Number of protein chains: 2
Amino acid sequence: MENQDLRNTGLKVTVPRLKMLECLGKAQDRHLTAEAIYRQLLEAGEEIGLATVYRALTQFEAAGLVTRHHFEGGQAVFELERGPHHDHIVCIHCGRVEEFYDEAIEKRQRAIAKKLGFILRDHTLTMYGECSRPNCQGQNDES
Amino acid sequence: MENQDLRNTGLKVTVPRLKMLECLGKAQDRHLTAEAIYRQLLEAGEEIGLATVYRALTQFEAAGLVTRHHFEGGQAVFELERGPHHDHIVCIHCGRVEEFYDEAIEKRQRAIAKKLGFILRDHTLTMYGECSRPNCQGQNDES
DNA sequence: ACGTTAATGAGAATGATTCTCATTCTATTT
DNA sequence: AAATAGAATGAGAATCATTCTCATTAACGT
């Protein structure tokens with residue numbers, strides 16, 4: 001339960017934070033912008049400020065509760081951290097995000113970092129393409 | 001020579017554009033922000049506006065002359081396009097950028113996209129770590 | 001050299017995110 | 001359960017990167 005997750009971070013357990021985690025937790029899309037969270041909570045009748053959403057997301061990220069991704073398109077998206085690391089493929093038409101994990105890629109990355117003399121701390125791999133939905137493939141592209 | 005590159009894109013060959021390409025071409029760092037280019041040209045006595053820099057970079061990108069990367073840290077960086085595709089590893093302390101290419105990773109990506117039903121159009125893989133410079137490894141990390 | 005048209009520079013405008021600050025809430029102490 | 005210290009909140013201002021607007025200037029085919 002989110003309550004405990006929050007407590008473990010040293011952050012105080014507040015209504016806005018709980019609602020935000022709930023929102024992230026039950027989202028079909030799993031990858032939400034700060035504004036999306038803000039709007040959803042507003043529409044649900046919550047009283048919340050956009051500043052609070054950004055602030056809390058940053059704290060969640062620092063606490064490892066949430067991951068921030070910078071896909072193309074200006075706005076960062078946030079994803080509730082559950083389970084192990086994975087990378088993403090994003091549809092350039094509808095924005096759908098799929099996740100994947102590939103041990104072969106991870107292994108090559110470690111080898112490359114080592115060869116270049118880096119201590120690897122993090123990485124982001126994002127593929128962009130056209131997903132299998134009817135309107136997504138074979139457009140003449142306005143990405 | 002940049003002159004010809006520019007001409008081929010259909011863009012007019014102007015002083016600001018040539019200076020920008022020159023700047024990108026002779027940079028030690030190879031990965032420059034728009035502001036860095038702007039400041040370097042100003043300091044070199046050129047008369048140029050920041051708007052022009054952004055505008056031209058966007059055009060260069062569309063023309064394939066330049067690649068835009070969104071590393072962590074707000075500002076996009078631009079890199080003169082020369083040679084084939086590659087990915088990046090960035091030092092989280094000093095900002096150094098190294099490039100690499102790995103066919104095994106590329107191949108896995110194509111396979112994964114296919115398996116997920118995506119037509120792969122693009123991808124970005126960036127690793128973050130501590131490079132081998134004396135002050136970069138083994139810090140207690142303020143990244 | 002001329003004229004058409006694209007390119008430029010300055011500053012305003014925008015969009016995302018962060019900051020400020022007075023008020024409210026949490027969790028801990030009486 | 002009331003008191004309290006400090007963290008959290010919401011509103012709006014502020015900031016940062018980037019884009020837009022528009023009057024002026026420069027490029028280049030004729």
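Note: hydrogens, waters and symmetry copies are ignored here, and every other heavy atom, side chains too, is used. Only a predicted model underlies this, so the values are computations on that prediction, with no experimental measurement involved. Just so we're on the same page: letters track the sequence lines, and every chain starts at 1.
- Atom CZ of B:Phe78 and atom P of D:dA17 are 13 Å apart (whole Å).
- In this structure, CD of A:Gln59 is placed 11 Å from P of C:dT18, rounded to the nearest angstrom.
- A straight line from NZ of A:Lys19 to C1' of D:dG10 spans 18 Å, rounded to a whole angstrom.
- Distance B:Met20 CE to C:dT8 P: 9 Å, rounded to the nearest Å.
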query: Does the pair B:Thr67 and B:Glu79 meet the rule for a side-chain hydrogen bond (donor to acceptor under 3.5 Å, both in side chains), with working shown?
result: CA-CA 5 Å; B:Thr67 307; B:Glu79 170 188 15; 5.1 Å; no

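- Using a cut-off of 4.0 Å between Lys/Arg side-chain N and Asp/Glu carboxylate O, A:Glu103 and A:Arg110 are scored as salt-bridged.
- Of the residues B:Arg96, B:His88, B:His69, the one that meets the side-chain hydrogen bond (donor to acceptor under 3.5 Å, both in side chains) test with B:His31 is B:His88.
- The interatomic distance linking A:His70 (NE2) with C:dA16 (C1') rounds to 11 Å, in whole Å.
- Using a 4.0 Å heavy-atom criterion, one finds that A:Ala34 contacts no nucleic acid atom at all.
- Contacts between residues 47-58 of chain B and DNA chain C, defined by a heavy-atom separation below 4.0 Å, involve B:Glu47, B:Ile48, B:Gly49, B:Ala51, B:Thr52, B:Arg55, listed by number.
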Enumerate, atom names and distances included, each donor-acceptor pair closer than 3.5 Å involving a side-chain atom of residues 43-51 of chain B, sequence neighbours excluded.
none

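- One can place CZ of A:Phe60 at 12 Å from C1' of D:dA8, the figure rounded to the nearest angstrom.
- Distance alone, capped at 3.5 Å, places no donor-acceptor pair between the A:Arg133 side chain and the A:Cys94 backbone.
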message: Run A:Thr58 and A:Arg68 through side-chain hydrogen bond (donor to acceptor under 3.5 Å, both in side chains) and show every step you take.
response: CA-CA 9 Å; A:Thr58 301; A:Arg68 181 193 310 247; 3.2 Å; yes

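- At whole-Å resolution of the value, CG in B:Leu6 and P in D:dA27 are 12 Å apart.
- In this structure a side-chain-to-backbone donor-acceptor pair under 3.5 Å is present from A:Gln137 to B:Gly117.
- Under a 3.5 Å cut-off, the side chain of B:His123 and the backbone N or O of A:Met127 do not form any donor-acceptor pair.
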task: Using a 4.0 Å heavy-atom cut-off, write out nucleotides 24-30 of chain C from 5' to 3' as B (base contacted by protein), S (sugar-phosphate only) or - (no contact).
output: --BS---

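- Side-chain contact annotation: A:His85 with A:Glu106, donor-acceptor N/O pair under 3.5 Å present.
- Atom CD of A:Glu46 and atom P of D:dA11 are 13 Å apart (whole Å).
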